[in-house]
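Side chains are part of it too, since the values below use all heavy atoms of this structure and drop only hydrogens, waters and symmetry mates. Per chain, numbering begins at 1; letters A, B, ... match sequence-line order.
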Protein chains: 2
Amino acid sequence: MLTIGKLGQAARVKVPTIRYYEQIGLLPEPDRSAGNQRLYPNTALDRLAFIRHARELGFPLEAIRELLGLSDHPDQSCAAADAIARSQLQAVRNRIARLKALEAELQRMLAQCASGTISDCRVIEVLGDHAHCAHDHGQDLT
Amino acid sequence: MLTIGKLGQAARVKVPTIRYYEQIGLLPEPDRSAGNQRLYPNTALDRLAFIRHARELGFPLEAIRELLGLSDHPDQSCAAADAIARSQLQAVRNRIARLKALEAELQRMLAQCASGTISDCRVIEVLGDHAHCAHDHGQDLT
DNA sequence: CTAATTGCTCTAGTAGCTATAGCTTCAAGA
DNA sequence: TCTTGAAGCTATAGCTACTAGAGCAATTAG
């Protein structure tokens, strides 16, 4: 049996985050000690590690909720899990593409900076006028 | 003089967002019409375009606030603006590096998926055990 | 036994908006 | 001139995924 602190240490997840996961239903409510403290079975560590790992890979909590649901029914096809991972991969690739465009733009902006006064600062000027842009970074918010 | 709707259209910024920017002090409170509606001078368009553009490049609102402060004093050195842009470039590069590691990991995960049942699904398995990872995507949250 | 640590609940805050409700004002057509 | 529909107003709440703090109770080490 693990206290919430030990569990957090073992899974490298902060204690308030564990309580938050419980609150939103990602982790089941554990039994309590006589003094009302949470006591986790060892299986909770697996589940929490799963969540942490998926978060590190950028999966949103709702996707993780689905994946956990799937892993609770090991007999079904894994097509759904595959689809979730695939869409996550797509999302990551999109983000990389957008960030690369931003990188190029920022680099260009800085290369032109004359380090003079604000009035001839390219950074300020470029930001003020989209026409200065080499790339079309349309609707992309980072 | 522009109504808030025209301004939003011209700058491609949604109306509630403009009001939000006013609320947090990024845009000055404009004059009002007899019927209490906001009326913007043309200069507001420049300022709003500046903000939108900087947001597209990933600058956080606080950095934009600083940049706007700088551009209000065109006689000073542009070193500060340069530094803000430089740190933004660094942040973008960090994000790219982290996302590339995630991309590789997700790709590897999917390549191994046998498309069988959940019980031998690599996606679920890899997520459950960090030891399966080729990369060390330590503390990186996307 | 005491002091330090850890745990508890509850509330509020973070970024950057977005959405809703319920109302008023404005502009254009009949 | 009247009317109708669009656009505007304020205020509040919601979104993601946590994080921080207050004020208290329980546990553990010495």
Side-chain angles (χ1 to χ4, degrees), chain A residues 1-27 29-40 44 48 50-68 88 91-92 95 98 102 139-142, chain B residues 1-27 29-40 44 48 50-68 88 91-92 95 98 102 139-142:
Chain A
M1 285 301 196
L2 298 159
T3 63
I4 198 170
K6 300 292 174 193
L7 177 64
Q9 254 183 297
R12 278 175 297 160
V13 173
K14 284 177 193 146
V15 168
T17 305
I18 297 175
R19 287 197 277 250
Y20 170 71
Y21 287 160
E22 178 183 325
Q23 191 190 311
I24 64 169
L26 271 193
L27 290 176
E29 295 185 23
D31 291 339
R32 300 292 184 113
S33 74
N36 199 35
Q37 303 197 347
R38 290 170 179 83
L39 286 179
Y40 294 92
L48 187 52
F50 183 101
I51 296 172
R52 197 208 47 158
H53 201 177
R55 287 293 300 133
E56 282 172 355
L57 291 170
F59 289 88
L61 287 181
E62 280 317 300
I64 295 172
R65 196 190 295 276
E66 278 188 72
L67 287 169
L68 283 168
Q88 177 58 19
V92 167
R95 271 140 147 268
R98 287 189 281 121
L102 297 190
Q139 70 296 352
D140 45 18
L141 296 184
T142 323
Chain B
M1 285 301 196
L2 300 158
T3 62
I4 197 170
K6 300 292 175 196
L7 177 65
Q9 254 184 299
R12 277 174 297 160
V13 172
K14 285 176 192 145
V15 167
T17 305
I18 298 175
R19 288 197 276 249
Y20 170 71
Y21 287 161
E22 178 183 325
Q23 190 189 313
I24 63 170
L26 272 191
L27 290 175
E29 295 185 25
D31 292 339
R32 301 291 184 117
S33 73
N36 198 34
Q37 303 198 345
R38 291 171 179 81
L39 286 180
Y40 295 91
L48 187 52
F50 182 101
I51 296 172
R52 196 206 51 155
H53 201 177
R55 287 294 300 134
E56 282 174 352
L57 289 171
F59 288 88
L61 287 180
E62 280 319 298
I64 295 171
R65 196 189 295 277
E66 278 188 70
L67 288 169
L68 283 169
Q88 177 59 19
V92 167
R95 272 140 145 268
R98 287 188 281 120
L102 297 190
Q139 69 297 350
D140 45 18
L141 297 183
T142 321

Nearest whole Å is fine: how far is [N] [atom2] from [X] [atom1]?
X: B:Ile64; N: C:dC17; atom1: CD1; atom2: C1'; answer: 13 Å
X: A:Glu22; N: C:dC10; atom1: CD; atom2: P; answer: 12 Å
X: A:Ile4; N: D:dT27; atom1: CD1; atom2: P; answer: 15 Å
X: B:Leu27; N: C:dC17; atom1: CG; atom2: P; answer: 11 Å
X: A:Phe59; N: D:dA17; atom1: CZ; atom2: C1'; answer: 17 Å
X: A:Gln9; N: C:dT5; atom1: CD; atom2: P; answer: 14 Å
X: B:Tyr20; N: C:dA19; atom1: OH; atom2: P; answer: 15 Å
X: B:Arg55; N: C:dA15; atom1: CZ; atom2: P; answer: 11 Å

Minimum heavy-atom distance [X]-[Y], with the two atoms named:
X: B:Leu27; Y: B:Ile51; value: CD2-CD1, 3.9 Å
X: B:Lys6; Y: B:Leu2; value: CB-CD2, 4.1 Å
X: B:Arg52; Y: B:Ala11; value: CD-O, 3.2 Å

*Can you tell which of C:dG16, D:dC18, D:dA26 lies closest to the side chain of A:Gln37?*
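Minimum distance to the A:Gln37 side chain belongs to D:dA26.
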*Between C:dC17, D:dC18, D:dC9, which nucleotide has the shortest distance from any of its atoms to the side chain of B:Thr17?*
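Nearest to the side-chain atoms of B:Thr17, counting from C-beta on, is C:dC17.
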_Nearest heavy atom decides the nucleotide; on that basis, is B:Gly35 or A:Gln23 closer to the 5' end of DNA chain C?_
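With B:Gly35 and A:Gln23 compared, the 5'-side residue is A:Gln23.
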*Toward the 5' end of DNA chain C, which comes first, B:Lys14 or B:Thr3, by nearest nucleotide?*
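Between the two, 5'-proximity favours B:Lys14.
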_Any side-chain N or O of B:Arg38 below 4.0 angstrom from OP1/OP2 of D:dT10?_
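Indeed, a polar side-chain atom of B:Arg38 lies that close.
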*Separation of A:Glu29 CD from A:Gln23 CD (nearest 0.5 Å)*: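 Between atom CD of A:Gln23 and atom CD of A:Glu29 there are 10.5 Å.
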_Which residue lies more 5' along DNA chain D, comparing A:Tyr21 with A:Ser33 via nearest heavy atoms_ =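 Result: A:Tyr21.
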*Starting at the 5' end of DNA chain D, which residue's closest nucleotide do you reach first, B:Arg32 or A:Asn36?*
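The 5'-side residue here is B:Arg32.
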_Under 4.0 Å, heavy atoms only, any strand: does A:Arg19 hit a base, just the sugar-phosphate, or nothing?_
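It contacts base atoms.
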_Can you tell whether the side chains of A:Arg65 and A:Glu62 come within less than 4.0 Å, N to carboxylate O?_
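Yes, this pair counts.
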